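Remember, it's a predicted structure, so these values are computed and weren't measured experimentally. Numbers here are sequence positions counted from 1.
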Amino acid sequence: MLLDRFLPRIEFESYEDFKQNYKVNVPENFNFGFDIVDEWAKQDENKKALVWCNDHDEEKIFTFKDISLLSNKAANYFKSIGIGKGDVVMMILRRRWEYWVCAVGLHKLGATMIPGTLQFAKKDIVYRANAADVKAIVCVNDDYVAAQVEASLPQAPTIQHHIVVGEKREGWDFLEDELERQSDVFERPTGKDATTKDDIMLVYFTSGTTGMPKMVQHSFAHPLGHIVTAKYWHQVQENKLHMSVTDSGWAKFGWGKIYGQWICGAVVFAYDMDKFVPAKLLEKMAKYKLTTFCAPPTMYRFMLLEDVASYDLSSIQHWTTAGEPLNPEVNNKWFNFTGHNIYQGFGQTEGTVLMADFQWDDIKIGSTGKPSPLYDIKLLDSEGREVGVGEEGSICVMDVRNNPPVGLFTGYYHNHKMTNEMLLGKYYNTCDMAWRDSEGYYWFVGRNDDVIKCSGYRIGPFEVESAMLEHDAVVECAITGAPDPVRGQVVKATVVLKKGYEPSPELIKELQDHVKHSTAPYKYPRIIEFVDELPKTIGGKIKRAQIRHEDEEAVRVRDY
């Protein structure tokens, strides 16, 4: 067991005990590749690390020994092409097994890694390469991704090497061939080439709803912050399979498919799906007998459209979700099928799980739980004053300058001004709104920009969305504020309907009446628009800002 190397205490009697006494010891030279992957390999060369499969009947099982040796080969290969400590490598690898090999290899080398998503177009790659001085790109060889990389190269002069996986491509290094040529021995660097806990290991480009993505940097200590994520929220078990449904281009991959899970000795299950098909996902969950599972609320909603009862999910002992608030109706339906509630977590690209449903207290359906012991969290008003019970405030992480929590980002890459603004004050403001009840549970309201101000009322989108989702006709819903000449803003619902339902004036009135009876009547949507799908970020979050801006532009054009 490796946890006792980093945690003075592992077991706790209550949430209060956990919050007060949980501590993490961070070694000065901590490196995930050497101190976790290689250590597990030394303890038990047969210990499983990764079970990988895809939609084409391929399956691979890797032990920690396998990952240790393959990552050594990867480190030697990257070193041979001039990648060293601090050099930046972008990886666009979907959920392919090569991601884990390359990531661990780059960590051992001390390089800085940028995960990327398959949805990147040429302009996305050019922007990221130039903003972060990317020196090499590793990507899947398909008709889209590799072509976008090739098209970007003339405008991204820092990229010196491009490497492909899956199938060979003319003019590219082929990773599998390159690994075959390398030694599986890679000694831990020393002196100036060695990493420290404060060096930059990861840079995530945030999938923000407005503006150009920010470069969020995490240090080599970051994986240790995910012990809370994996052990105390996901509740992974050593040698048992855990699945988090996420693409490797998202920060959620770091939350659920590598760091905390492997520190705890769990086996990561990776299903490299071509696209999300609920029935296929349910089949994999049942076939491989997972023990713990995490997915965004959207995926739970779409799985509930299938015959969930026909799949044997009895092996799964703990269910979790994050990315968007979980609507109570989804949890209640899932409980009816599985006998388990879905435990919610809340966080950002900038950190590990900030708040979650932990094991010691009953969960409150719809709440985001209680703060992680890593973070001193307060709800503050616009003047920086703490709000009272039941009052809305911005979720803020306190004392980040003098006592930075392990797992929290260390700044914005190549942007000292923004780093100083966000991290050198008294607190880090997440710009997410919530309120706290008398028992210490937090209830998410929405992004600051998402809160609707209508005739003097403040209306959070989540409560209205939850009410809408209780109606049998609704699969997904986004609540936003639409411009109104009298009220300033009115509540608008953008709705995706279930199969078998058609838009009509009668259905609009039925949905409006439903919300009036489910929550305060003034919160009902005065405008309802039916769409085939909602706009979402790369990370799967609803782009409410895009809907707002489109409505504002439509009014501007109409009134011009």
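Classification of E383 and R385 as a salt-bridged pair fails, no side-chain N sitting under 4.0 Å from a carboxylate O. Salt-bridge annotation for R9 and D17: present, with a side-chain N of the basic residue lying under 4.0 Å from a carboxylate O of the acidic one. Under 4.0 Å is where a charged nitrogen must lie from a carboxylate oxygen, and between D38 and R188 no such pair does.
Closest of all the heavy-atom pairs between P371 and Y15 is O-OH, 2.7 Å. The two residues I114 and V134 come nearest to each other via the heavy atoms CD1-CG2, 4.1 Å.
Ring geometry for F64 against W262 counts as perpendicular: the plane angle is over 60°, on a 0 to 90° scale with 30° as the lower cut. Classification of the H222-H226 ring pair by plane angle, with boundaries at 30° and 60°, yields perpendicular. Note: Y232 and Y22 have perpendicular aromatic rings, judged against thresholds of 30 and 60 degrees for the angle between ring planes.
Side-chain contact between V89 and I83 is present, with at least one heavy-atom pair separated by less than 4.5 Å.
When atom types are taken as modelled, the side chain of R95 and the backbone of T246 share a donor-acceptor pair closer than 3.5 angstrom. Panel note: side chain Q261, backbone W255; a donor-acceptor pair is recorded below 3.5 Å. In this structure a side-chain-to-backbone donor-acceptor pair under 3.5 Å is present from H318 to W233. Of the possible donor and acceptor atoms, one in the side chain of T419 sits under 3.5 Å from a partner among the backbone N and O of Y412. Distance alone, capped at 3.5 Å, is enough to place a donor-acceptor pair between the S219 side chain and the K197 backbone. Between the T206 side chain and the K214 main chain, a donor and an acceptor come within less than 3.5 Å of each other. When atom types are taken as modelled, the side chain of K231 and the backbone of I10 share no donor-acceptor pair closer than 3.5 angstrom. The backbone N or O of Q235 sits nowhere less than 3.5 Å from a side-chain atom of Q359 that would complete a donor-acceptor pair. With hydrogens and angles disregarded, no donor-acceptor distance shorter than 3.5 Å links the side chain of S394 to the backbone of C396. Using modelled atom types, no side-chain atom of H242 and backbone atom of V268 make a donor-acceptor pair closer than 3.5 Å.
Sparse packing is recorded around NZ of K123, with 12 or fewer heavy atoms of other residues, nucleotides or ligands lying under 6.0 Å away. Annotation: Q20, atom CD; neighbour count of heavy atoms from other residues, nucleotides and ligands within 6.0 Å does not exceed 12. The environment of CG in D4 is crowded: more than 12 heavy-atom neighbours from other residues, nucleotides or ligands sit within 6.0 Å.
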inquiry  = Pair E39, K42 - check salt bridge (Lys or Arg N to Asp or Glu O under 4.0 Å), show working.
reply    = CA-CA 5 Å; E39 281 301 311; K42 289 175 186 176; 3.5 Å; yes
request  = Take F253 and W100 through the test ring-ring contact (aromatic ring centres under 6.0 Å, His included) and record every step on the way to the result.
outcome  = CA-CA 11 Å; F253 192 96; W100 285 265; 5.1 Å; yes
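Of the N and O atoms on the side chains of Q546 and E550, at least one donor lies less than 3.5 Å from an acceptor on the other residue. Inspection of the N331 and Q344 side chains reveals no N or O donor paired with an N or O acceptor under 3.5 Å. Residues T410 and Q217 have side chains that bring a donor and an acceptor to within less than 3.5 angstrom of each other. In this structure, a donor-acceptor pair under 3.5 Å is present between the side chains of K108 and N72.
Note: I377 CD1 to L354 CG = 5.0 Å, rounded to the nearest 0.5 Å. Y413 OH to F205 CZ: the interatomic distance, rounded to the nearest 0.5 Å, is 9.5 Å. Interatomic distance, M90 CE to M113 CE, rounded to the nearest 0.5 Å: 12.0 Å. Considering NZ of K19 and CZ of F358, their distance stands at 9.5 Å, rounded to 0.5 Å. Here H234 contributes atom NE2 and W319 contributes atom CH2; the two are 13.0 Å apart, rounded to the nearest 0.5 Å. Rounding to the nearest 0.5 angstrom, the gap separating the OG1 atom in T480 from the CD atom in E465 is 9.0 Å.
For the side-chain contact (heavy atoms from CB on, under 4.5 Å) criterion with S466, the lone passing option out of I365, I479, N327 is N327. When the options T321, I342, T320, V245 are evaluated for a side-chain contact (heavy atoms from CB on, under 4.5 Å) with F293, the one that passes is V245.
For K370 and Y442, the positive end is not near the middle of the six-membered ring at less than 6.0 Å and at most 45° from its axis.
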